[in-house]
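Just so you know, residue 1 is the first one in the sequence shown, and it goes up from there. Reckoned from all heavy atoms, side chains included, excluding hydrogens, waters and symmetry mates.
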Amino acid sequence: MPAATRARWAVIAATSVALVATGCSSSSSSGSSGSSGGAGGGIVTAWWGDPQNPLEPANTNEVNGGAVLNMIFTGLVAYDPKTSKANNAMADSITSSDQQNWTVTIKPGWKFSDGTTVTAKSYVDAWNYGALVTNKQVNASFFQYIAGYNDVAPASGSPTAQTMSGLKVVNDTTFTVALSQKFSTWPQTLGYSAYYPLPASFFNDHAAYLAKPVGNGPYVINAWNRSQNMQLRPNTGYSGTNKPQNGGIDLKVYTDTNAAYADLQSGNLDVNNGIPNSALKTVQSDLNGRFINEPAGIIQTLSFPLYQPGWSTDGAKLVRQGISMAIDRPTISKVVFTNTRTPASDWTSPVLGASGGFKEGLCGQECTYNPTMAKQLIQQGGGFPGGQLTISYNADGPHKEWVDAICNNVNNAMGDTKSCVGRPVGTFADFRNQVTGKQMTGPFRTGWQMDYPLIQDFLQPLYTTGASSNDSHYSNPQFDSLVSQANAEPDQTQAVTDFQSAEKLLVTDMPAIPLWYQNGTVGWSSKVSNVMLDPFSVPVYTAITVK
């Protein structure tokens, strides 16, 4: 399950852009595996930002690096951009008789772009590398369900093993995975980039790989000029069905969202999913309707410090429910966010769909604006601990306006202009240090971007006792039991039902208030067509065609 860094990305994603220098080397030489044209023939230019970390599958957990990895790799499964459904990609089958011990068979004949064959060992070696604590991979925790993980990534001290005991290579196309607990939907998590295979060259010449990563996906990196651009071209040896419908993608690094938007309007940029806030009111007319604004797999929340005595009483549950009912989500979404947020009515995301666990209205009246009842519940619960509600947020992000709007809602509901105030904390790092250090005394902003489109990913890492991203330190044995029951349920429809039973406990306990689902946005030029966003709000680059 994702560590706290994953939750922090959702915080970063709330800003207009997050551009960070990468430690990777760059390359400007042409790759022999690339072709000069695809089905569409033309090159697509697209907005991009520098990846945070080197482009290693287990060391990338932000959108810029992830977008490239998803173009140059194909995993065991892939997520349908329209339905979010997990379908076998490189996997031929992923089976289990007990939901704990799995056999994975891959399709034969797949090649990495350096010409070497993708085998079962390519996956096992990659996963062992990603999990080993001494390799310092940010996505290491994604392997924590595999037996032997604690040996290679102990909570403290040095590892007692170099590989996980739960991974075994059977032959070139088959490997087995023993999990430490039952997990029926585990195969559906395997589309995340941490689970991509790695070629032998990754281990034999790591520096060369970092300079020019090698994958098994629809594109190859043709050239990479760090902090400037990256050229991706169709991989002529690609064996999958997701073949590029264009002649390649040229990613252009922008440090100014307004400059990128100007280039989009002038036709010097084809695809831009970094639309600045200042353009949102006019973007539809500016681009003649060539704009998408739809929910992504991201939810923003207000979490409570349940480790504080004043917030852990039975009466405080009513106060938390009352605060939720005092928030006018539709108006804030419309006025503050220019409709780039969708009011939340559960703790997941609409992109999951009903089959994935999204249930509109699950939160019920507790997430419906009702200032009269809000005041009654707050008073019935004993009022705000300490006498005043303070909402903490990082001051270096664009959060003051919506926090002030929530406080205005609360103050109006209570009939007291001093009932609620915002509490800005200098920097993002300072803010997160206070959160993880259990220094919060009132509600604080939190967010989550899904790692894979399953309800499990929105519940277990955030709300089970002791979970890696449980910032509120919520603990309910019944919730934990229902999550474990859902994980062990072999019927996935029933598993979703069990997860939703656990989620309904959040309505009463309200450890975190659902605020809104963050939308993904993208605009495009008149030169291209068939632009869409995947469930993670990233353009589906392979589908874009050039007119």
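With hydrogens and angles ignored, the 3.5 Å screen pairs no side-chain donor or acceptor of Arg445 with any backbone N or O of Leu302. Judged by distance alone, with hydrogens and angles left aside, the side-chain atoms of Gln321 form no donor-acceptor pair with the main-chain N or O of Glu366 at under 3.5 Å. Using modelled atom types, one side-chain atom of Glu62 and one backbone atom of Gln52 make a donor-acceptor pair closer than 3.5 Å. For the pair Asn272 (side chain) and Gly523 (backbone), a donor-acceptor distance under 3.5 Å is absent. For the pair Thr189 (side chain) and Trp186 (backbone), a donor-acceptor distance under 3.5 Å is present. Between the side chain of Thr508 and the backbone N or O of Leu505 there is no donor-acceptor pair closer than 3.5 Å. Remark: the backbone N or O of Thr465 is paired with a side-chain donor or acceptor of Asp480 at under 3.5 angstrom. With hydrogens and angles disregarded, a donor-acceptor distance shorter than 3.5 Å links the side chain of Tyr79 to the backbone of Gln188. Ser501 contributes a side-chain N or O that, together with a main-chain N or O of Thr497, makes up a donor-acceptor pair within less than 3.5 Å. Side-chain atoms of Asn411 come within 3.5 Å of backbone atoms of Thr417 as a donor-acceptor pair (strictly under, hydrogens ignored).
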May I have the step-by-step check of side-chain contact (heavy atoms from CB on, under 4.5 Å) for Trp448 and Leu462, ending in yes or no? CA-CA 9 Å; Trp448 187 255; Leu462 298 172; 3.4 Å; yes
Working for side-chain hydrogen bond (donor to acceptor under 3.5 Å, both in side chains), residues Gln300 and Arg341: CA-CA 9 Å; Gln300 302 290 344; Arg341 304 292 188 274; over 6 Å; no
Decide side-chain hydrogen bond (donor to acceptor under 3.5 Å, both in side chains) for Gln434 and Asp430; before the verdict, give the C-alpha distance in whole Å, the side-chain angles of both, and the deciding distance to 0.1 Å. CA-CA 6 Å; Gln434 289 187 19; Asp430 294 336; over 6 Å; no
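Residues Ser472 and Ser303 come closest through the heavy atom pair CB-CB, 4.4 Å.
Side chains of Asn61 and Tyr192 form a contact here, defined as non-hydrogen atoms less than 4.5 Å apart.
A donor and an acceptor atom, one from each side chain of Thr348 and Asp346, are located under 3.5 Å apart. Judged by distance alone, the side chains of Tyr129 and Asn59 never bring a donor and an acceptor atom under 3.5 Å apart.
A salt bridge links Lys317 to Asp509: one of the charged nitrogens lies within less than 4.0 Å of a carboxylate oxygen.
The only option from Thr338, Asn339, Thr342, Asn519 that meets the side-chain hydrogen bond (donor to acceptor under 3.5 Å, both in side chains) definition with Asn293 turns out to be Asn519.
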